[in-house]
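Hydrogens, waters and symmetry mates are skipped; everything else that's a heavy atom, side chains included, is used. By convention in this document, chain letters (A, B, ...) are assigned in the order of the sequence lines, proteins followed by strands, and residues within each chain are numbered from 1. Being a predicted model, the structure only gives us computed values, none of them experimental.
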2 protein chains.
Amino acid sequence: MDTSQLLKGVLDLAVLAVLRDEDGYGYDVLRRLRGGGIEEVGDASVYGTLRRLYKAGYLSSYVVPSDEGPHRKYYGLNDLGRARLVETEQAWRAFAETLDGILRKGKAA
Amino acid sequence: MDTSQLLKGVLDLAVLAVLRDEDGYGYDVLRRLRGGGIEEVGDASVYGTLRRLYKAGYLSSYVVPSDEGPHRKYYGLNDLGRARLVETEQAWRAFAETLDGILRKGKAA
DNA sequence: AGCACTATTGCGCATTACGCAGTACCGCGC
DNA sequence: GCGCGGTACTGCGTAATGCGCAATAGTGCT
């Protein structure tokens, strides 16, 4: 049940996806992912991914002070990020289909 | 296009799947995977995965001398391996569906 | 004051796929 | 018979990435 290994290489995609329609800060992205069904994701993984994607130039970032707690570092998709999202999503779908083909092969035997 | 990261945690599943109907040796498993569409997989990854799965108790193994080359180390699924295959496949499908849900969310907006 | 929740950062670790070198065995052409 | 390409496996070191845990810090409740 090591879901963590399935996440590898896909967390980027998931994070980009939940930021597609609205900017979000780390803790919020974490909640969106968990709310979306990826319950097991660790907080450090999300923060790490956000920093990595930002460093890679896919995200813009700005800090907003909050009334109800510490400051929040918001992230949002820029053009590169949107292109990356499309690209990664396609790669994912193609790969999923390939694997599905392998899984089905001979299953009727 | 870093497909290698998508492979993480899924190569186990793919290897178990191609061994489902027939035992195979490393080099052969490699060809089955590539033939199945995972072209980019490295040989060392496959050999490593086979060893890992064997060590974990999912595979049985026997060596067969070959007329046309070096000996071949065959691997086959045992009961634990078959159970693992079912389990991993379910985990994969569930996860793929979850991710799909996240990708679709808000896409109509 | 202490605790829980929100929010972020950093460190070190485990897993795992990969490249590359090395070993070895075969058959073919020269 | 010697090298060469294809078959077949092993081992080593590396890179990517998700995770646990500790630390920091602000807010509000008791």
Sugar-phosphate or base contact per nucleotide [nucleotides 20-30 of chain D; S, B, -; heavy atom under 4.0 Å]: BB---B-S---

Presence of Tyr25(A) side-chain N/O under 4.0 Å of dA7(C) phosphate oxygens OP1/OP2: yes

Test item: Leu7(B) and Phe95(A) side chains (from C-beta on) under 4.5 Å apart, heavy atoms: yes

Global bending angle along the helix from dA1(C)-dT30(D) to dC30(C)-dG1(D), which compares the axes of five pairs at either end, to 10 degrees: 20°

Residue Tyr27(A), side-chain heavy atoms: nucleotide from dT6(C), dT10(D), dA16(D) that is nearest: dT6(C)

Distance test, side-chain N/O of Thr49(B) to OP1/OP2 of dA17(C), below 4.0 Å: yes

Residue whose closest nucleotide on DNA chain D lies nearer the 5' end, Asp28(B) versus Leu7(A): Asp28(B)

Distance below 4.0 Å between Arg52(A) side-chain N/O and dT17(D) OP1 or OP2: yes

Linked hydrophobic residues, Tyr62(B) as query - side chain contacts closer than 4.5 Å: Tyr25(B), Tyr27(B), Tyr47(B), Val64(B), Tyr74(B)

Sugar-phosphate only, base, or nothing, as touched by Gly9(B) at under 4.0 Å among non-hydrogen atoms: sugar-phosphate

ILVMFWY cluster membership beyond Val86(A) - transitive side-chain contacts under 4.5 angstrom: none

Any Ile102(A) side-chain heavy atom under 4.5 Å of Arg32(B) side chain: no

Pairs involving residues 8-19 of chain B, ordered by first then second residue, that meet salt bridge (Lys or Arg N to Asp or Glu O under 4.0 Å) (sequence neighbours left out): Asp12(B)-Arg52(B)

Side-chain N or O of Arg72(B) closer than 4.0 Å to phosphate OP1/OP2 of dC25(C): no

Atom pair CG/CG of Leu85(B) and Leu80(B) - distance to nearest 0.5 Å: 12.0 Å

Closest nucleotide among dA16(D), dT9(C), dC9(D) to the Lys73(B) side chain: dC9(D)

Rounded distance (Å) that lies between atom P of dA14(C) and atom NZ of Lys8(A): 13 Å

Presence of Arg31(B) side-chain N/O under 4.0 Å of dA8(D) phosphate oxygens OP1/OP2: yes

For Tyr54(A), all residues meeting side chain to side chain donor-acceptor pair (under 3.5 Å), sequence neighbours excluded: none

Distance, nearest 0.5 Å, that separates CH2 of Trp92(B) from CG of Leu99(A): 5.0 Å

